[in-house]
Amino acid sequence: MTSIETPRGVAGDAVLAAAAEALRTHIRDIHDFPQPGVVFKDITPLLATPAAFSTVVGALSDTAEQLGATVVAGIEARGFLLAAPVADRIGAGIVPIRKQGKLPGRTVAESYALEYGTATLEIHDDAVGPGDRVLIVDDVLATGGTAAAASNLLRHGGAEVLGLAVLMELTFLAGRDRIPSLAVTALLEI
Ligand SMILES: O=P(O)(O)OC[C@H]1O[C@H](OP(=O)(O)OP(=O)(O)O)[C@H](O)[C@@H]1O
Ligand SMILES: Nc1ncnc2[nH]cnc12
């Protein structure tokens, strides 16, 4: 399998530059959270700043629109905050990919490891189907475990997974290597 190289994403250069600047200014580092040695990238200042949030949602939406997404999949919890406004802007549906035990209907599940632990994601077994063109949206790409599990769940349902769009990619964790079949758009590489 070959890696798909889309390091700067598919939105326009000016939009991407503005989004990267908004992220540099409004993401803060919290050291040793949730465990010693982890530098946690906290997006709450971005969420609390309307112009900056609008800029990054615009960049993600341009990416989703240019890829022709009909569905935006958001990963609990922080991915929900981004997937919903993106889907609304481009007129797409939203599919929530949730942590274990939260969805009420019949689900398909996949467990995975992340930078600071393990988790299980679930999707309703009828959430997507053939003909759905899905962009996965999240805040951070770290080890890639979350994105790999999400794309496996969506593909299991028969959807076409167009790629992953994130605010930040922690490049030192080499998450892209874990998801070679996914085109990745990262608004900021750290
Ligand atoms: O690339 P990975 O190593 O898999 O890590 C990335 C994931 O980790 C964080 O979620 P977390 O599970 O902490 O959940 P939260 O959004 O509920 O805080 C982040 O929002 C991504 O979903
Ligand atoms: N360092 C980090 N900061 C925020 N979210 C993350 N998810 C995985 N690693 C993370």
Side-chain angles (χ1 to χ4, degrees), residues 3-4 6-7 9 19-20 22-49 52-53 56-57 59-60 63-64 71-87 94-103 107-123 127 134-155 161-190:
S3 180
I4 298 170
T6 53
L23 292 167
R24 268 186 227 102
T25 310
H26 296 288
I27 302 288
R28 69 179 171 186
D29 286 355
I30 308 281
H31 289 260
D32 300 319
F33 180 89
Q35 62 191 39
V38 174
V39 179
F40 190 86
K41 299 294 178 183
D42 177 23
I43 66 167
T44 61
L46 177 80
L47 300 174
T49 310
F53 185 64
V56 300
V57 168
L60 294 174
T63 299
V71 172
V72 181
I75 303 177
E76 186 173 2
R78 285 169 269 155
F80 290 173
L81 298 164
L82 301 164
V86 168
I94 306 163
V95 166
I97 300 181
R98 299 214 61 178
K99 302 276 168 59
Q100 192 168 34
K102 299 290 187 183
L103 286 169
T107 57
V108 183
E110 178 143 336
S111 298
Y112 59 99
L114 68 169
E115 193 184 3
Y116 38 69
T118 58
T120 300
L121 287 180
E122 292 183 344
I123 188 172
V134 187
L135 179 67
I136 303 167
V137 171
D138 207 350
D139 63 335
V140 174
L141 170 62
T143 66
T146 304
S151 79
N152 287 344
L153 291 171
L154 291 161
R155 285 179 174 146
V161 182
L162 303 171
L164 167 74
V166 293
L167 302 184
M168 285 162 285
E169 177 181 1
L170 308 184
T171 54
F172 66 96
L173 290 169
R176 282 186 199 231
D177 295 350
R178 192 120 164 232
I179 46 172
S181 67
L182 279 187
V184 177
T185 298
L187 301 182
L188 186 64
E189 295 181 9
I190 296 170

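Order of appearance sets the numbers: ligands from 1, and atoms from 1 within every ligand. Numbers for residues simply follow the sequence, beginning at 1.
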Identify the closest protein heavy atom to atom 21 (C) of ligand 1: which residue and atom is it, and at what distance? D138 OD2, 3.2 Å
Atom 8 (O) of ligand 1 has as its nearest protein heavy atom L114 CD1, 3.5 Å
The protein heavy atom nearest to atom 9 (C) of ligand 1 is R78 NH2, 3.2 Å
Considering heavy atoms of the protein only, find what lies nearest to atom 2 (C) of ligand 2 and give residue, atom and distance to 0.1 Å. E115 OE1, 3.5 Å
Near Y116 (heavy-atom distance under 4.0 Å), the atoms of ligand 1 are 8 (O), 9 (C), 11 (P), 13 (O)
Just heavy atoms, cut-off under 4.0 Å: does T143 contact ligand 1 by side chain, backbone, both, or neither? both
Heavy atoms, side chains only, cut-off 4.5 Å: are T44 and R28 in contact? yes
Non-hydrogen atoms of A147 versus ligand 1: any pair closer than 4.0 Å? no
What do we get for D42 next to ligand 2 when only non-hydrogen atoms under 4.0 Å count, side chain, backbone, both or neither? neither
Approximate separation, where rounding is to 0.5 Å, of F53 CZ and L81 CG: 6.5 Å
Would you compute the distance between atom CG of L121 and atom CD of E110 and round it to the nearest 0.5 angstrom? 8.5 Å
Start with the C-alpha gap between S151 and I136, add the side-chain angles, then the distance that decides, and say whether side-chain contact (heavy atoms from CB on, under 4.5 Å) holds. CA-CA 8 Å; S151 79; I136 303 167; 3.8 Å; yes
List every atom of ligand 1 that sits less than 4.0 Å from any heavy atom of K99, numbering the atoms from 1 in the order shown and giving each element. 11 (P), 12 (O), 14 (O), 15 (P), 17 (O)
Flag V39 as yes when one of its N or O atoms lies below 3.5 Å from any N or O atom of ligand 2, and as no otherwise. yes
At their closest point, which heavy atom of F80 faces which heavy atom of G74, and how far apart are they? CE2-O, 3.3 Å
Contacting atoms of ligand 2, where contact means under 4.0 angstrom from a heavy atom of A142: 8 (C), 9 (N)
Using a 4.0 Å heavy-atom cut-off, which part of D139 comes near ligand 1: side chain, backbone, both, or neither? side chain
Dump the intermediate steps for side-chain contact (heavy atoms from CB on, under 4.5 Å) on D29 and K41, then the final yes or no. CA-CA 5 Å; D29 286 355; K41 299 294 178 183; 2.6 Å; yes
State the atoms of ligand 1, each with its element, that fall below the 4.0 Å cut-off from a heavy-atom position in T146. 2 (P), 4 (O), 5 (O), 6 (C), 7 (C), 22 (O)
In terms of atom number and element, which parts of ligand 1 are under 4.0 angstrom from non-hydrogen atoms of G144? 1 (O), 2 (P), 3 (O)
Give me the nearest non-hydrogen protein atom to atom 7 (N) of ligand 2 as residue plus atom name, then the distance to 0.1 Å. Y116 OH, 3.1 Å
Can you name the closest pair of heavy atoms from A83 and V137 and give their distance? N-CG1, 4.0 Å
Sub-3.5 Å N/O-N/O distance, I75 and ligand 1: no
Closest heavy-atom contact between V140 and V166? C-CG1, 4.1 Å
Among V140, V166, L81, the residue with a heavy atom nearest to atom 6 (C) of ligand 1 is V140
Which is it for L167 and L60 under the side-chain contact (heavy atoms from CB on, under 4.5 Å) test, yes or no, and what are the steps along the way? CA-CA 8 Å; L167 302 184; L60 294 174; 3.9 Å; yes
for atom 3 (N) of ligand 2, nearest protein heavy atom and its distance come out as K41 N, 2.9 Å
Considering only protein heavy atoms, which is closest to atom 5 (N) of ligand 2, and at what distance to one decimal place? R78 NH1, 3.0 Å
Measure across A73 and L154 and return the closest heavy-atom pair with its distance rounded to 0.1 Å. CB-CD1, 4.0 Å
Inter-residue atom distance I97.CD1 - E122.CD, 0.5 Å rounding: 11.5 Å
Are T146 and D138 side-chain neighbours, meaning at least one heavy-atom pair lies under 4.5 Å? yes
